[in-house]
Amino acid sequence: MGIYLNPGVENLELDRNTPYYVDKSLLISKLNSLINTNSRFVCVSRPRRFGKTMAVNMITAYYSKDCDSHHIFSDLKIANDKSFEDHINKYNVLNIDINGCLCNKNNSLTVVDFINQSVVPEIVKSYPNVKIKAEDNLAIAISKVYEATKEKFIIVLDEYDIIVREKDNKELESFLSFLNGIFKNNNVSKAIALAYLTGIFPIVRDVVQSKLNNFEEFTMLNAGYFSSFVGFTSSETKALCEQHNLDFEEVKRWYDGYNLNDIEIYSPKSVIDALRNNKCESYWTQTGSYEALKNFILLNFEGIKDDIISMISGSRVHVNVKKFLNKLDSFNSKDDVFTYLIHIGYLAYDHDTEECFIPNYEIKNEWIHSIENTPNYEKVLNVINKSRQLLNDTWALDSKAVAKSIEETHMLITNNLTFNNEDAFQSVIRLAYFYADSYYTIVNELPAGNGYADIVFIPYVPNKPAIVVELKRNKCVNTAINQIREKKYPSALELYKGNILLVGISYYEKSKKHFATIEKA
């Protein structure tokens, strides 16, 4: 066993020692179906701390020759899969962490030089009878081993995109040529049974790397049949919460929101830290600086500020994800910015509607941190800071104070959200009640009674009233309350009977005056 060639099971053993280990071994079944097929080249990208390296450790331990890893997989799901015995410990696995190579090389070497000088000697040591020359690069060494022995390789590259993220064009050109030399050279690629690339970004779509069109990509935009292996699923998270006595509904509120092919996905980092500390807080966002998010908020692309305000208010915005080239020097529009933020986890994406949105409470807090002291967002932050008082006024049935607060919010952001648009007014209400997220699950257009309630606040904190909000434009505010009662909206909140507030809010376009009325159901 070597550092890069067939490194064995030790890293997987360390992973399995955690009390929060989640069995993702059926990923191997998916990969087994790809081995020695035209689909054997895959690139799986996901945000940081979403389990990339743990997957790499598992893949390496399973396929590596020079060890017997049956014992570590015997109690995992893959052990009962029909393909389990077909491929276990039968390949030369090259496990190369590109970030590690970048960090460990000296300044006189490129990453490619470091890989060749570090990996090729291990191959020479394992195959002393194969005539590999000192000057041979990795591609040639792989090819020579295959020609002499017919033994195939599985190549696993972790953090393969780090050079793209470091924005070192000289390194990038060399590295892309290196990848092409291995994966697009027929003499070498026939020696590869499987290639698994993983990182944060999909493959760069420029002139050089577009030649890697033999790779199938699985991303946060479309994870395909790898969806359940990107982060923790809802059922896996619930099982962990039950095992460690943590409130799953609270975990769901904090960390749910990524949806890949109708599979709810949670950040493993956030869930594990919440379990370890027995408390939900912002954990995933602590692994990176909010300044990085702030830099993109400040980009002056047309419409970006309006859309950010809309998403902070709980809405979704359309995004064209097809234009972004997956390079950090190719931002040409707000679509590029939002696509980038989807890949790194600060936004989620709905493939069916082609919309992006802020996925959960943890990430929303990070967005708020990012707009603090940010030019042009002072008004929004002012609304957010006042939202606590608005909620208190609502609980106190102070309709005048509520109307005044909503009017101020509407006027503050009237340049960003169309004043006479009812959907925009709904976003105004969500923004004005921003602090309500600390007590409520807020649902727009909730099916209730004989229609749909505009906005419903469903409490998850004990002893707080449920709230049904009806909005009206250019109509008397009493018509809103009457509509709530006539259509029996509170019937959807039977669990809170006796503790429901009905809130009617109206505004008039010409006078821009707002009115509110609040009653107990």
* For atom CG of Asp75, is the number of surrounding heavy atoms from other residues, nucleotides or ligands below 6.0 Å larger than 12? -> yes

* Show your reasoning for whether side chain to side chain donor-acceptor pair (under 3.5 Å) applies to Ser427 and Ser315. => CA-CA 7 Å; Ser427 293; Ser315 299; 2.8 Å; yes

* Asked: Angle class for the Phe183/Phe215 ring planes (parallel below 30°, perpendicular above 60°, tilted otherwise)?
  -> perpendicular

* Asked: Relative to each other, are the rings of Phe218 and Tyr225 parallel, tilted or perpendicular (30° and 60° limits)?
  -> tilted

* Asked: Taking atom types as modelled, is there a side-chain donor on Tyr283 or Ser267 under 3.5 Å from an acceptor on the other?
  -> no

* Criterion side chain to side chain contact (heavy atoms under 4.5 Å, CB included) on Glu354 and Val319, from CA distance to verdict -> CA-CA 6 Å; Glu354 298 182 338; Val319 57; 5.8 Å; no

* Using the benzene-type ring in the case of Trp, are the ring centres of Phe232 and Phe50 under 6.0 Å apart? -> no

* Considering only NZ, NE, NH1 and NH2 on the basic side and carboxylate oxygens on the acidic side, decide whether Lys105 and Glu171 come within less than 4.0 Å. => yes

* Asked: Would Asp335 and Lys323 satisfy salt bridge (Lys or Arg N to Asp or Glu O under 4.0 Å), going step by step from the backbone distance to the final call?
  -> CA-CA 8 Å; Asp335 288 323; Lys323 298 189 298 181; 3.5 Å; yes

* Please name all residues satisfying ring-ring contact (aromatic ring centres under 6.0 Å, His included) with Phe248, sequence neighbours left out, ordered by chain then number. => none

* Those residues that, when tested against His318, pass ring-ring contact (aromatic ring centres under 6.0 Å, His included) (two or more places apart) -> none

* Asked: Is a side-chain donor or acceptor of Gln426 paired with a backbone partner of Asn444 at a separation under 3.5 angstrom?
  -> no

* **Test side-chain hydrogen bond (donor to acceptor under 3.5 Å, both in side chains) applied to Asp158 - qualifying residues, sequence neighbours left out** => Thr53

* Structure fact -> Phe457 meets the ring-ring contact (aromatic ring centres under 6.0 Å, His included) criterion, sequence neighbours left out, with Tyr433, Tyr440

* Side-chain contact, heavy-atom cut-off 4.5 Å: Lys144 with Asp136? -> yes

* Asked: What do you reckon, are the aromatic ring centroids of Tyr346 and Trp284 less than 6.0 Å apart?
  -> yes

* Asked: Without hydrogens or angle criteria, can the side chains of Tyr20 and Arg276 be said to hold a donor-acceptor pair below 3.5 Å?
  -> no

* **Intermediate values then yes/no, side chain to side chain contact (heavy atoms under 4.5 Å, CB included), Ile59 and Leu27** => CA-CA 9 Å; Ile59 293 167; Leu27 167 64; 4.2 Å; yes

* Would you give the length of the straight line joining atom NZ of Lys30 to atom CD1 of Ile35, rounded to the nearest 0.5 angstrom? => 14.5 Å

* Asked: Partners of Phe331 by ring-ring contact (aromatic ring centres under 6.0 Å, His included), sequence neighbours excluded?
  -> Phe296, Phe324, Tyr340

* Asked: Side-chain donor-acceptor pair under 3.5 Å between Lys184 and Asn213, yes or no?
  -> yes

* What pairs of residues pass the salt bridge (Lys or Arg N to Asp or Glu O under 4.0 Å) test when at least one of them lies in residues 31-45, not counting sequence neighbours? -> none

* Would the number of heavy atoms belonging to other residues, nucleotides or ligands and lying under 6.0 Å from CD of Glu302 be above 12? -> no

* If you look only at pairs with a residue in residues 185-194, which of them pass as a side chain to side chain donor-acceptor pair (under 3.5 Å), with sequence neighbours excluded? -> Glu147-Lys190

* Worked verdict on Glu362 versus Ser270 for side chain to side chain donor-acceptor pair (under 3.5 Å) -> CA-CA 9 Å; Glu362 178 184 33; Ser270 299; 2.9 Å; yes

* Can you find a heavy atom in the side chain of Cys280 that is under 4.5 Å from one in the side chain of Tyr361? -> no

* Is the number of heavy atoms from other residues, nucleotides or ligands under 6.0 Å of Glu10 CD greater than 12? -> no

* Asked: Nearest heavy-atom pair of Asn89 and Ser64: which atoms, and what distance?
  -> ND2-O, 2.9 Å

* Asked: Where do Ser227 and Ile263 come nearest, in terms of heavy atoms and distance?
  -> CB-CD1, 3.9 Å

Enumerate, atom names and distances included, each donor-acceptor pair closer than 3.5 Å involving a side-chain atom of residues 150-157, sequence neighbours excluded.
from	atom 1	to	atom 2	distance (Å)
Glu151	OE1	Lys65	NZ	2.7
Glu151	OE1	Asn92	ND2	3.4
Glu151	OE1	Tyr127	OH	2.2
Glu151	OE2	Lys65	NZ	3.3
Lys152	NZ	Asn36	OD1	3.1

* To do: May I ask you to decide if the ring planes of Phe84 and Tyr62 are parallel, tilted or perpendicular, using 30° and 60° as cut-offs?
  => tilted

* Structure fact -> Between Val42 and Ser39, the two heavy atoms sitting closest are CG1-O, 3.8 Å

* For the pair Ser69 (side chain) and Ala61 (backbone), establish whether a donor and an acceptor sit closer than 3.5 Å, ignoring hydrogens and angles. => yes

* Structure fact -> Of all heavy-atom pairs linking Ala141 and Ile123, the shortest is CB-CD1, 4.3 Å

* Asked: With sequence neighbours excluded, what pairs up with Tyr63 under the side-chain hydrogen bond (donor to acceptor under 3.5 Å, both in side chains) test?
  -> Asn32

* Structure fact -> Value for CD1 (Ile265) from CE (Met220), rounded to nearest 0.5 Å, stands at 7.5 Å

* Under 4.5 Å between any side-chain heavy atoms of Leu12 and Thr60, yes or no? -> no

* Distance-only donor-acceptor check, side chains Asn57 and Asp15, under 3.5 Å -> yes

* Asked: Hey, what do you get for OG1 (Thr37) to CZ (Phe41), rounding to the nearest 0.5 Å?
  -> 9.0 Å

* Asked: With no hydrogens and no angle check, is any side-chain donor or acceptor of Ser313 less than 3.5 Å from a backbone partner on Ile309?
  -> yes

* State, to 0.1 Å, how close Trp254 and Ser282 come at their nearest heavy-atom pair, and which atoms those are. => CZ3-N, 3.5 Å

* Structure fact -> So salt bridge (Lys or Arg N to Asp or Glu O under 4.0 Å) across residues 226-236, not counting sequence neighbours, yields Lys24-Glu236

* For the residue pair Gly199 and Asp161, what are the closest heavy atoms and their distance? -> CA-OD1, 3.4 Å

Between side-chain atoms of residues 112-122 and protein atoms elsewhere (two or more places apart, or another chain), which donor-acceptor pairs fall under 3.5 Å?
from	atom 1	to	atom 2	distance (Å)
Asp113	OD2	Thr110	N	3.2
Asp113	OD2	Thr110	OG1	3.1
Asn116	OD1	Leu138	N	2.9
Asn116	ND2	Val112	O	3.3
Ser118	OG	Phe114	O	2.8
Glu122	OE1	Ile3	N	3.4
Glu122	OE1	Tyr4	N	3.1
Glu122	OE1	Leu5	N	2.9
Glu122	OE2	Ile3	N	2.9
Glu122	OE2	Tyr4	N	3.3

* Asked: What class does the angle between the rings of Phe229 and Phe226 fall in, given that below 30° is parallel, 30 to 60° is tilted and above 60° is perpendicular?
  -> perpendicular

* Asked: Considering residues at least two apart in sequence or located in another chain, which fulfil the side-chain hydrogen bond (donor to acceptor under 3.5 Å, both in side chains) criterion with Ser235?
  -> Thr233

* To do: Specify whether His351 and Tyr349 have parallel, tilted or perpendicular ring planes, treating 30° as the upper limit for parallel and 60° as the lower limit for perpendicular.
  => perpendicular

